[in-house]
Amino acid sequence: MTSTGGAAHLEAVLALPKAELHCHLDGSLRASTLLELSGQQDKALPVADADALADWMRVDDARDLNDYLARFDVTLAVMQDAVSLERIAAELVIDASRDGVRYLEARFCPALNTRAGLTNDEVVVAVLEGLSRGERESGTVARLIIVALRSFPMPHALEMAELAVAYKSRGVVAFDLAGAENGFPARLHLAAFDFARKHDMAITVHAGEAFGADSIREALHLCGANRIGHGTRPLEDPSLEEYVVDRRIPLEVCPTSNVQTRVSETFAEHALARYVSIGAVVTLNTDNRMMSGVTLTDEYMRCAQHLGFNLRTLSQLALASFDSAFVDYSTRMLLRRRAELDMARLLDSAASTSPVQ
C-alpha cells in the first residue's frame, strides 16, 4: 500500500468510510487465490509465488486499453465453476471491507464464465451468493452490476440486459457496457439499453476512456446512462463538460487504471483534479484491484500525494460515492448518514499537522 505522509496520514485515509462503484470482479482476485485455483485446475502460470504473481498480474506495461484487457484471460481461466466464482466474490467483499469500504458494487460479464458449461443464470447466482456471504462476514454491503461487452455482436448485450433485469430484486442494481470503445460504439446495442430502461434498471456505461467525448455524449443521450464509467474526457467538449456538471452526472473515475492504459500520462495530470475544481460529481474507484495493483485507500492516498487533496476533500469524494450508489434509496441514505457521522469524527480527531488535513 502506498504511504505518502506517515502513519497518521495512512490511518486516517484507511479509516475513511468509502464506497466503491467501479470494480471488476474478474480483475480483482487475490493473487493467492489465483495461484491456488490455477494449481487445482491445472492452469499454467509463469510464477509459483503469490507475491511474484501479484507483480506479474499488475499491468504496468500496457500500450493502451486493449493491452490492459488482455491480462483478463488469466483470471477468467479459473472462473468457470460456481465454487470458484462464489469464493472470489466473497473474498472481494471481505478485502474491500478491510480497506474501509462500506458499500461495494462489483461488476462482471457472466457470458465470459460459461466456457465450462455453466449457464448465465448459474454464474450470476454463484456470484450473488458469494457477495452475500462476503457481506454477512464483513458487514460491507455488496451489490452486482451485469456487464455486456461492446465487441460482442447482438444479441449478447440484450441477453445481458435481460439477465440484469431478471435478478433486479436479488442484488443486481445496474446494467453496464464495457470493453474496447474504439470501433465499437454503444449505439450498436441500443436494444439492450431500451430493455433496461423500460424495466427501470439503472444504467452505467464505460465511456470517455479509450475514445473521446463523443463516447460520453452517446452514452448519455442515446443510451440513457445514469453514471459514466471512467469518463475522463468531458473536458474535450466544453458543452458536454458543462452538461455533465450541471446535470450532476456521476463520473466513476479510476485514476491508476487510467494511467496504466495511457488515458492520462501521469496521476498528477489526471483530469479528475479539474473535475473536482469545477464541481463535477466525482467518485474514486480501483477498476481492477489485481491488474492495477491498488486498493481504494491507495487511490485516495495518491490523490493526496499527487493532486494535493486534503482529508476534507477526500471525505467529500467519499460522500459523493455513497450518494451515487445504485443501491435502493433507504439503504443508500442509511449508509450515507453513518459515513457522514464517522467522517465528522475522523476530521475532528485528525491531527492538525496531518498532510491531508
Side-chain angles (χ1 to χ4, degrees), residues 19 21-24 105-111 124 143-169 171-254 275 280-283 285 320-321 323-329 332:
L21 309 181
H22 193 119
C23 182
H24 290 268
E105 288 176 3
R107 63 181 72 192
F108 82 127
C109 177
V124 173
R143 297 293 183 266
L144 185 62
I145 296 174
I146 298 293
V147 176
L149 298 176
R150 288 173 176 266
S151 58
F152 282 28
M154 288 295 282
H156 160 75
L158 180 57
E159 291 172 350
M160 294 300 100
E162 291 171 344
L163 194 63
V165 169
Y167 288 87
K168 183 181 174 187
S169 63
V172 173
V173 293
F175 171 66
D176 178 28
L177 186 70
E181 286 179 74
N182 197 0
F184 301 99
R187 62 178 175 272
L188 298 177
H189 307 287
L190 289 185
F193 292 109
D194 288 343
F195 183 87
R197 287 198 307 272
K198 288 176 181 176
H199 289 82
D200 306 317
M201 175 62 68
I203 293 172
T204 179
V205 178
H206 282 64
E209 182 186 15
F211 203 68
D214 284 346
S215 178
I216 300 173
R217 185 179 294 280
E218 185 177 70
L220 293 172
H221 300 315
L222 289 182
C223 305
N226 305 107
R227 295 190 328 224
I228 297 296
H230 294 281
T232 57
R233 301 170 74 169
L235 58 80
E236 297 175 2
D237 184 331
S239 176
L240 176 65
E241 183 181 64
E242 183 178 8
Y243 180 88
V244 167
V245 174
D246 290 347
R247 300 279 69 80
R248 316 309 294 149
I249 307 297
L251 302 176
E252 305 163 0
V253 179
C254 309
Y275 297 143
V281 181
V282 176
T283 72
N285 308 274
S321 298
D323 288 338
S324 302
F326 284 143
V327 72
D328 63 276
Y329 178 75
R332 184 164 71 248

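Between the side chain of Tyr275 and the backbone N or O of Thr232, at least one donor-acceptor pair lies under 3.5 Å. A donor-acceptor pair is defined here as one N or O able to donate and one able to accept, closer than 3.5 Å; no such pair exists between the side chain of Asp176 and the backbone of Ala174.
Closest non-hydrogen pair, Ala280 versus Val245, comes out as CB-CG2, 3.9 Å. Across all their heavy atoms, Met154 and Ala191 have their closest contact at CE-CB, 3.9 Å. Residues Val147 and Met160 come closest through the heavy atom pair O-CG, 3.7 Å. Between Cys223 and Val205, the closest heavy-atom pair is CB-CG2, 4.4 Å. Taking every heavy atom of both residues into account, Arg197 and Leu222 meet most closely at NH1-O, 3.8 Å. The minimum heavy-atom distance between Ala157 and Ala148, with the atom names listed, is CA-CB, 3.7 Å.
Aromatic pair Phe193/Phe175: centroids less than 6.0 angstrom apart. Aromatic rings of Phe195 and His199 (six-membered ring for Trp) have centroids within the 6.0 Å cut-off, being under it.
For the pair Val124 and Leu163, the minimum side-chain heavy-atom distance is below 4.5 Å. Counting heavy atoms from C-beta outward, Ile249 and Val281 have side chains that stay 4.5 Å or more apart. Considering only heavy atoms from C-beta on, Asn226 comes within 4.5 Å of Phe326 through its side chain.
Note that the CD1 atom of Ile146 and the CG atom of Leu177 stand 13.5 Å from one another [nearest 0.5 Å]. His156 NE2 to Arg150 CZ: the interatomic distance, rounded to the nearest 0.5 Å, is 11.5 Å. Rounding to the nearest 0.5 angstrom, the gap separating the CG atom in Asp328 from the OG atom in Ser169 is 12.0 Å. Distance SG/Cys254 to CG/Leu21: 9.5 Å, rounded to 0.5 Å. In this structure, Leu190 CG and Leu158 CG are separated by 11.5 Å, a value rounded to the nearest 0.5 Å. We find the CG-CD1 distance between Leu220 and Ile203 to be 11.0 Å, quoted to the nearest 0.5 Å.
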- prompt: Going through the distances and angles, do Glu159 and Phe152 end up as a side-chain contact (heavy atoms from CB on, under 4.5 Å)?
  reply: CA-CA 11 Å; Glu159 291 172 350; Phe152 282 28; over 6 Å; no

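Partners of Asp214 under the salt bridge (Lys or Arg N to Asp or Glu O under 4.0 Å) rule, at least two apart in sequence or in another chain, do not exist in this structure.
Pairs of residues two or more places apart, or lying in two chains, never qualify as salt bridge (charged side-chain N to carboxylate O under 4.0 Å, His left out) while including a residue from residues 198-207. Legend: salt bridge (charged side-chain N to carboxylate O under 4.0 Å, His left out) pairs involving residues 225-240, not counting sequence neighbours, sorted by first then second residue: Glu105-Arg227, Arg217-Asp237, Arg227-Glu252, Arg233-Glu236.
Using bins of under 30°, 30° to 60° and over 60° for the plane-to-plane angle, the ring pair His206/His24 lands in the tilted bin.
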